[in-house]
Amino acid sequence: MNSYELMIKINHALIKGDKPSNDHINKIVERLLSDSVINKKQVGRCTRVGFSSNYDKGTSGIYPVFYIPPYNNGKKLETILGQTPKTQILSANMYELEILRLLYIFAPENNDVKKMISMTLERLKNTCFGYMDDGKGECFDASLVVLRFLASAARNENQWIKSRIDNFNRHYGDKKRPWYSLYYYWLCLSELPSDISKSETEKYKDEILDRLINRRLPYNGENDRLINPVIICILRNVISKYPEYYYIRKRQPYLNDRDGRLCFDMSI
């Protein structure tokens, strides 16, 4: 299993509420760190995906510094929700930021992790999607990846976090967007401190409850089995932040006997 596959697997597990053991965490950290530019010393141009690692430049550039996406037969790496990006701005930054987010969660005191987090925060401050008003193309989606990264690795950066929320609100309605953007935003809300997320969650509470209670998702193909339980758990994680729904926080989706579709039980 390469670092990309591991990152996807661990993300899905955490969203669903599965916490790895300490021994597993140590192995995850060791595996992810072994693929970093710091440990591989892969400084210079990455011709497989067509951009520099920027390691020698430190914090400049819109592309990754520490985690260069592996060759994927010419295809962009999918996001944790299965979205296939059209650009490396989204695909490559997703790859690096999702990995660094896990490293921060599992090994915040590791010196290499501290260095990578610090330099990455500086890099993001020099990007349009990370720090500015930008709703163009997949910069809009990349801004959400930054929001999720900040929610873990820079929780005290309230103004910066709110700027990414504001960016979403300004530009989400600019055009018709695929479902990934809204669900990824809800994922961010589920992980942000309540004092920041509450006003945003209130906007969607009724819609999320309706989807959680009334929608049944297919569970047939490989993609359904991989993504749809995660989608339902994102909804659960948002709603379970409310005291009156705290009781569902560990509840898992289940298959309906009649139609074989994935459902969620909200009964007390």
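Because the structure is predicted, anything quoted here is derived from the model rather than measured.
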Aromatic ring proximity Tyr184/Tyr180, centre distance under 6.0 Å: no

Leu212 and Ile248, any side-chain heavy atoms less than 4.5 Å apart: yes

Heavy-atom closest pair, residues Arg31 and Leu6: CG-CD2, 3.7 Å

Verdict with supporting geometry, Ile8 and Glu78, side-chain contact (heavy atoms from CB on, under 4.5 Å): CA-CA 9 Å; Ile8 295 292; Glu78 293 182 357; over 6 Å; no

Leu77 CG to Gln83 CD distance, which is reported to the nearest 0.5 Å: 12.5 Å

Heavy atoms from other residues, nucleotides or ligands near NZ of Lys114 exceed 12 (cutoff 6.0 Å): yes

Atom pair CD1/CG of Ile232 and Leu217 - distance to nearest 0.5 Å: 4.5 Å

Side chain Ser36, main chain Leu33, donor-acceptor under 3.5 Å: yes

Short N-O contact, Glu222 and Arg225, less than 4.0 angstrom: no

Heavy-atom neighbours of Tyr246 OH exceed 12 at 6.0 Å: no

Interatomic spacing from CD1 in Ile227 to OH in Tyr219 - rounded to 0.5 Å: 11.5 Å

Any donor-acceptor pair under 3.5 Å from Tyr95 side chain to Ser3 backbone: no

Joint cluster assignment, Tyr254 & Ile268, ILVMFWY side-chain distance < 4.5 Å: no

Minimum side-chain heavy-atom gap Ile28-Leu102 below 4.5 Å: no

Working for side-chain contact (heavy atoms from CB on, under 4.5 Å), residues Ser181 and Glu138: CA-CA 10 Å; Ser181 299; Glu138 290 190 332; over 6 Å; no

Minimum heavy-atom distance Lys241-Ser190, with the two atoms named: CD-O, 3.7 Å

Asn156 atom CG, over 12 foreign heavy atoms within 6.0 Å: no

Residue pair Leu14 / Lys19, side-chain heavy-atom distance below 4.5 Å: no

Test: Arg236 cationic atom under 6.0 Å from Phe264 six-membered ring centre, within 45° of axis: no

Parallel, tilted or perpendicular, as decided by the 30° and 60° cut-offs, for the rings of Phe168 and Tyr172: parallel

Short side-chain donor-acceptor distance under 3.5 Å, Arg148 and Tyr185: no

Residues Arg211 and Glu207 bridged, charged N to O under 4.0 Å: yes

Heavy-atom pair of closest approach, residues Ile68 and Pro64: CD1-O, 4.0 Å

Closest approach of Asn167 to Gly135 (non-hydrogen atoms, all atoms of both residues): OD1-N, 4.5 Å

Student check: side-chain heavy atoms of Leu209 and Met266 closer than 4.5 Å: yes

Arg216-Asn228 side chain donor-acceptor pair, cut-off 3.5 Å: no

pair Ile231-Trp179: side-chain heavy atoms closer than 4.5 Å: yes

Derivation and outcome, side chain to side chain donor-acceptor pair (under 3.5 Å), residues Glu202 and Tyr242: CA-CA 10 Å; Glu202 282 293 312; Tyr242 287 91; 2.7 Å; yes

Test item: Gln252 side-chain N/O and Lys16 main-chain N/O as donor-acceptor pair under 3.5 Å: yes

Polar side-chain atom of Glu200 near backbone of Ser197 as donor-acceptor pair, under 3.5 Å: no

side-chain contact (heavy atoms from CB on, under 4.5 Å) between Asp134 and Phe140, worked out: CA-CA 6 Å; Asp134 191 348; Phe140 174 82; over 6 Å; no

Candidate pair Gln88 and Asn93, rule side-chain contact (heavy atoms from CB on, under 4.5 Å), full reasoning: CA-CA 7 Å; Gln88 288 292 0; Asn93 279 287; over 6 Å; no

Between CD1 on residue Ile165 and CD1 on residue Ile196, distance to nearest 0.5 Å: 6.5 Å

Rounded distance [0.5 Å steps], CG in Leu81 versus CE in Met94: 10.5 Å

Main-chain N/O of Gly61 paired with Asn126 side-chain donor or acceptor, under 3.5 Å: no

Atom pair CG (Leu103) and CE (Met7), whose distance is rounded to the nearest 0.5 Å: 11.0 Å

Under 3.5 Å donor-acceptor, Asp259 side chain and Arg261 backbone: yes

Distance-minimising heavy-atom pair for Pro85 and Lys76: O-CG, 3.3 Å

Lys/Arg-Asp/Glu bridge criterion (N-O < 4.0 Å) met for Glu244, Arg249: no

Backbone N/O of Cys139 and side chain of Ser143: donor-acceptor pair under 3.5 Å: no

Student check: side-chain heavy atoms of Asn237 and Leu189 closer than 4.5 Å: no

Nearest atoms (heavy-atom pairs only) where Ile234 meets Tyr183: CG2-O, 3.9 Å

Near-ring test Tyr104/Phe149, centroid separation under 6.0 angstrom: no

Pair Asp23, Ser21: side-chain N/O donor-acceptor within cut-off below 3.5 Å: no

Pair Asp210, Asn214: side-chain N/O donor-acceptor within cut-off below 3.5 Å: yes

Salt bridge Arg164-Glu157, side-chain N to carboxylate O under 4.0 Å: no

Sidechain-backbone polar pair: Arg123 side chain, Tyr63 backbone, donor-acceptor under 3.5 Å: yes

Exam field: side chain Arg170 to backbone Asp133, donor-acceptor pair closer than 3.5 Å: no

Within-4.5 Å side-chain heavy-atom neighbours: Leu192 and Ile161: yes

Ser163 side chain vs Trp160 backbone, donor-acceptor pair below 3.5 Å: yes

Residue pair Cys233 / Pro253, side-chain heavy-atom distance below 4.5 Å: yes

Residues, nucleotides or ligands: over 12 heavy atoms within 6.0 Å of Lys125 NZ: yes

